[in-house]
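Lettering follows sequence order; numbering is per chain, from 1.
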Amino acid sequence: MKKIINEPHLVVDDLLEGMLLAHSDLLTRIEDTRVVIEKEKQATVGLVSGGGSGHEPAHAGFVGDGMLRAAVLGEMFTSPTPDQIYEAIKASDTGKGVLLIVKNYTGDVMNFDMAKEMAEMEDIEVESILVDDDIAVEDSTYTAGKRGVAGTILVHKILGHFAREGKTLAELKQLGDALIHHIDTLGVALTGATVPEVGKPGFTLEANEMEYGVGIHGEPGYRRSELKQSHQIAKELVTKLMETRKETKKIGLLVNGLGATPIQELYVFYRDVVNELKAYDVEITFQKIGDFMTSIDMAGLSLTVIDLDDETYKEALTSPVDVLSW
Amino acid sequence: MKKIINEPHLVVDDLLEGMLLAHSDLLTRIEDTRVVIEKEKQATVGLVSGGGSGHEPAHAGFVGDGMLRAAVLGEMFTSPTPDQIYEAIKASDTGKGVLLIVKNYTGDVMNFDMAKEMAEMEDIEVESILVDDDIAVEDSTYTAGKRGVAGTILVHKILGHFAREGKTLAELKQLGDALIHHIDTLGVALTGATVPEVGKPGFTLEANEMEYGVGIHGEPGYRRSELKQSHQIAKELVTKLMETRKETKKIGLLVNGLGATPIQELYVFYRDVVNELKAYDVEITFQKIGDFMTSIDMAGLSLTVIDLDDETYKEALTSPVDVLSW
Amino acid sequence: MELTHEQAQRWLLNFHGKVTDNKAYLSDLDQAIGDGDHGSNMARGTEAVKEKLASVTDESLEAVLKQTAMALISKVGGASGPLYGSAFMAMAKKAKETRDLSVLIEAGLEGIKHRGKADVGDKTMIDMWQPVATALKEGTFSQATIDQALLDVKPLKAKKGRASYVGDRSIGALDPGAVSSGYLFEALIEEVIA
Amino acid sequence: MELTHEQAQRWLLNFHGKVTDNKAYLSDLDQAIGDGDHGSNMARGTEAVKEKLASVTDESLEAVLKQTAMALISKVGGASGPLYGSAFMAMAKKAKETRDLSVLIEAGLEGIKHRGKADVGDKTMIDMWQPVATALKEGTFSQATIDQALLDVKPLKAKKGRASYVGDRSIGALDPGAVSSGYLFEALIEEVIA
Ligand SMILES: Nc1ncnc2c1ncn2[C@@H]1O[C@H](COP(=O)(O)OP(=O)(O)O)[C@@H](O)[C@H]1O
Ligand SMILES: Nc1ncnc2c1ncn2[C@@H]1O[C@H](COP(=O)(O)OP(=O)(O)O)[C@@H](O)[C@H]1O
Ligand SMILES: [Mg+2]
Ligand SMILES: [Mg+2]
Ligand SMILES: [Mg+2]
Ligand SMILES: [Mg+2]
């Protein structure tokens, strides 16, 4: 394990401290917690997200005007505890209620649920949206359901926009529940991710191997294959992501690096995605390329497709925000 | 070599195509060249930079209002040719002249010089600034001089601001020549960088080794050492960078990832830098953390310190810009 | 068999010891079919339990179980935090009515099932809790119950939690949560039953 | 000895062949003390020279040398592009006055020195061009001149270009630009002198 860190068990505290030292104009921390919250709160519904650490810049990088009110950081790849989430909820409520944006993982779901129960006992109105954009996983009674991955960032942005516009908690819940069906993601990895305290990668790939369909916690995917070229990977991902989009006319794309992938590769891949999409009758009306939802130091990327026939989504995606990493 | 690319010799063309497909609202390409230029030109002095590819988002990610007018992309780690630079100069001139921002490398210096000669023959006014911020290299008659590395981005930003303010070419040249003495950088690597066409890293480090003082083309540095913790690396870099800053009261910091370093490590390191700086009588009035001047897929980072006692520098660094990657 | 608050204290401290000693092993098991943090999660959690118990002044079984639940809920995170937390919270509630060990464990099991919406055969900690609860009720509980449960969990295919993502690859592997729950019940034998 | 434009054409095509055959070797040499691109740079450049020469209609030595310079300048980049380019540009200018080979090579050498602000002993291509230019003037030029230059360049410490950054570590290594220039002069022997 080669990392620029101090003691492995201190990484989350250290990075959080670094982030707050650097961005004290925008962000602050709820005392004695690992909750990052915006300094200036508008009197709107507060959006709260979070999860295990290791996905930086998610989620703290998306806290600020027009996106999240607060982000809760768990241990590395481990969902945060209910008491921390509860503190975030309490501090994010301005009387308009709080919307939780949760990635569909057993741990996240349960911890956010318990926090919601705690907040409701204190008469805070709370709703939650469960993002499950990862189509690598079958949604059946034999799995914990599809996982929430990079598409979550688009949910932050779109619902953040609508919250700023003054939508109510009930409206946001409805919008969010509809929105998540329009977002799908698939990821590939060239290497596993190494949790600092574990010290070795979650899975090992040979020099000529890659894995299709990985999650963002180093979960293995649906197929191991020999290393493919960018245009071949683009073809497989685009084909799978467009399968359910026969009627869609406008889409948005998010090419997301998983932590150790140079920007140059993201752009090469983006080019190949656009090329592959020529075979479909769709227009790309929005795109975003960079590191948004990483998996510690994994080499690899994910491609997210969002339906944008609904013009309000496009508008919500392109409105200005004051956050670190959008 | 594990990369998401197509044929290795096509990486530069592919990434450039991807970048232009994604950002056609902001950027365009001079036909038959690898020059990226802003779509809307103000009638100000045009700033032109560039160099070998492999440093993405540099330099194309800094083209736009308030920073560069154009960026010239060479082959991977190889300075662009004079004819390409000349095209960039020609297209960037609005009658106010063109300022070249060149990183001090033998190849870059010679190619930009030849382009300057070509442009002058066509009666275009051209000046150039040579950035040499890398204090890992001794500046003596026995070297090609200090190298230009991540600090170059700060030169783009500050001079870009002043160009937009309407400063003349002569004024910008003078400002730039003064500015470069206030910027110093030091980098460390945990791995070498792999040029796609070469297929193996420029140097190899063992699992427990790191290298202090690397350049951004995989040039080895001044010392190989066992892998250190973040706070130890911060101590060495801060000590060296602050040595010449006895009089400085205000500084800015740039923590720059070299391509494969997760953002989480950059924040851990930033924390340790701030900690180390407590031993000095300086105030940090500006900071920037992310990937700005990479070295393909190198794991590592660089730390840049800029003197900010001159308030106009701070103002120039914080003014809004319309570019992809600032 | 009744559970006293002193017994419960010893039981949980013993559990902390076993988890700490086997931290790496639990994480290795989790790395094979999950994300490799079960060892650190449980070590962090039982450490917090130990600290919390040292400062419990209210000498009641309910208090011991409730403080344990709170420590686990607020320190573990992940899937196992809410699950173990819900188990001890359910046990604490039940302790208001009874100190009967088999009834308490049964309540804990229900807490887990309710929180995780999983059941027997999904290859989770439930596949340890259920046979133990049954054996306690039938008066047959012993180390053999635990050993058998571990044998039985191996061939299952995971249907809940992270391990469900690896599909058939989970067949043949031990479930980390079932193993850590095995330690909990070994500690019970050593401190309470033996 | 006079250089004709046909000879110059054959010389440069032969050079292209040698560079292409040794592309990987040149890059390996560059990777040891530079950035590993000298082979690709020169292969790309001499390929462009070959293409350019195929379409040169003006049958003059000056045209051949000038087109070569233009091709190298616009296709190589890096340090070697401007240097080789300046060498051939200087030779093209000199060809207006004379076709004398030793005068032309001398002019090329001056072009390199002027562009790169380096001199003999800095461990660059100059350490190949200088002995060859001298030997040509003195009428002693042969393969032995090249071999000796390569032996002499090894122990030098690089003071210019990228290799200067590795300091003492450059001692003992061959300079890639000196080696590629060695091919240029071997091609000269094969096509013009022999
Ligand atoms: N829905 C569920 N019901 C019961 N137990 C579960 C469920 N999901 C996961 N588990 C248990 O949790 C264990 C994993 O815990 P842990 O690794 O600490 O959390 P995470 O999966 O969030 O990383 C699994 O081995 C399994 O026994
Ligand atoms: N200032 C200089 N004068 C003469 N030759 C030089 C100078 N700098 C570099 N060289 C030559 O250029 C060669 C390196 O060329 P190349 O690898 O193509 O370019 P770069 O160094 O930009 O990667 C060196 O081996 C050396 O012979
Ligand atoms: Mg986990
Ligand atoms: Mg080079
Ligand atoms: Mg786990
Ligand atoms: Mg080179």
Distance alone, cut at 3.5 Å: any donor-acceptor contact between the side chains of B:His9 and B:Glu7?
no
Where does B:Met1 contact chain A at under 4.5 Å (heavy atoms): side chain, backbone, both or neither?
backbone
Decide whether B:Asn6 and A:Asp272 meet the rule of one side-chain donor and one side-chain acceptor closer than 3.5 Å.
yes
Ring centre gap for A:Phe292 and A:His55 strictly below 6.0 Å
no
So which residue, A:Leu301, A:Ile296, A:Leu10, ends up with the most heavy-atom pairs under 4.5 Å with chain B?
A:Ile296
Check whether B:Leu266 gets within reach of chain A through its side chain, its backbone, both or neither, counting any heavy atom under 4.5 Å.
neither
For B:Val188, which atoms come within 4.5 Å of any heavy atom of chain A: side chain, backbone, both, or neither?
side chain
Could you check B:His23, B:Glu56, B:Glu17 and say which one makes a side chain to side chain donor-acceptor pair (under 3.5 Å) with A:Tyr267?
B:His23
Checking heavy atoms, do the side chain of B:Leu190, its backbone, both or neither come under 4.5 Å from chain A?
both
With a 3.5 Å distance limit and no angle check, can you tell me whether A:Glu211 reaches the backbone of A:Gly221 through a side-chain donor-acceptor pair?
yes
Under 4.5 Å heavy-atom distance to chain B, tell me which part of A:Leu21 shows up: side chain, backbone, both or neither.
both
Test salt bridge (charged side-chain N to carboxylate O under 4.0 Å, His left out) on B:Glu236 and B:Lys228 and set out the steps.
CA-CA 10 Å; B:Glu236 170 144 352; B:Lys228 290 283 174 7; over 6 Å; no
Given B:Ala260, B:Ala22, B:Gly259, the one with more heavy-atom pairs under 4.5 angstrom with chain A than any other is B:Ala22
Quick one: what part of A:Val11 sits under 4.5 Å from any heavy atom of chain B, side chain, backbone, both or neither?
both
B:Asp297 with B:Lys3: basic N within carboxylate O range, under 4.0 Å
yes
A:Ile4 versus chain B, the contacting section by heavy-atom distance below 4.5 Å:
both
Between A:Met19, A:Met210, A:Gln232, A:Met298, which residue shows the highest count of heavy-atom pairs closer than 4.5 Å to chain B?
A:Met19
Return yes if a side-chain donor-acceptor contact under 3.5 Å exists between A:His59 and A:Lys103, otherwise no.
yes
Would you mind checking if A:Glu209 and B:Lys2 are paired as a salt bridge, meaning a charged N to carboxylate O distance below 4.0 Å?
no
Interchain contact, B:Thr261 with chain A, by part (heavy-atom threshold 4.5 Å):
backbone
Between B:Ile5 and chain A, which part of the residue has a heavy atom less than 4.5 Å away: side chain, backbone, both or neither?
both
By a 4.5 Å heavy-atom criterion (distance strictly below it), what part of B:Gln287 contacts chain A: side chain, backbone, both, or neither?
side chain
Chain B contact via A:Leu253 - which portion, at a heavy-atom distance below 4.5 Å:
neither
Given a strict heavy-atom distance threshold of 4.5 Å, which part of B:Ile289 is in contact with chain A: side chain, backbone, both, or neither?
side chain
Contact class of A:Ala207 relative to chain B, heavy atoms under 4.5 angstrom:
backbone
Any donor and acceptor pair, going by atom type alone, linking the side chain of A:Thr78 with main-chain N or O of A:Gly52 inside 3.5 Å?
no
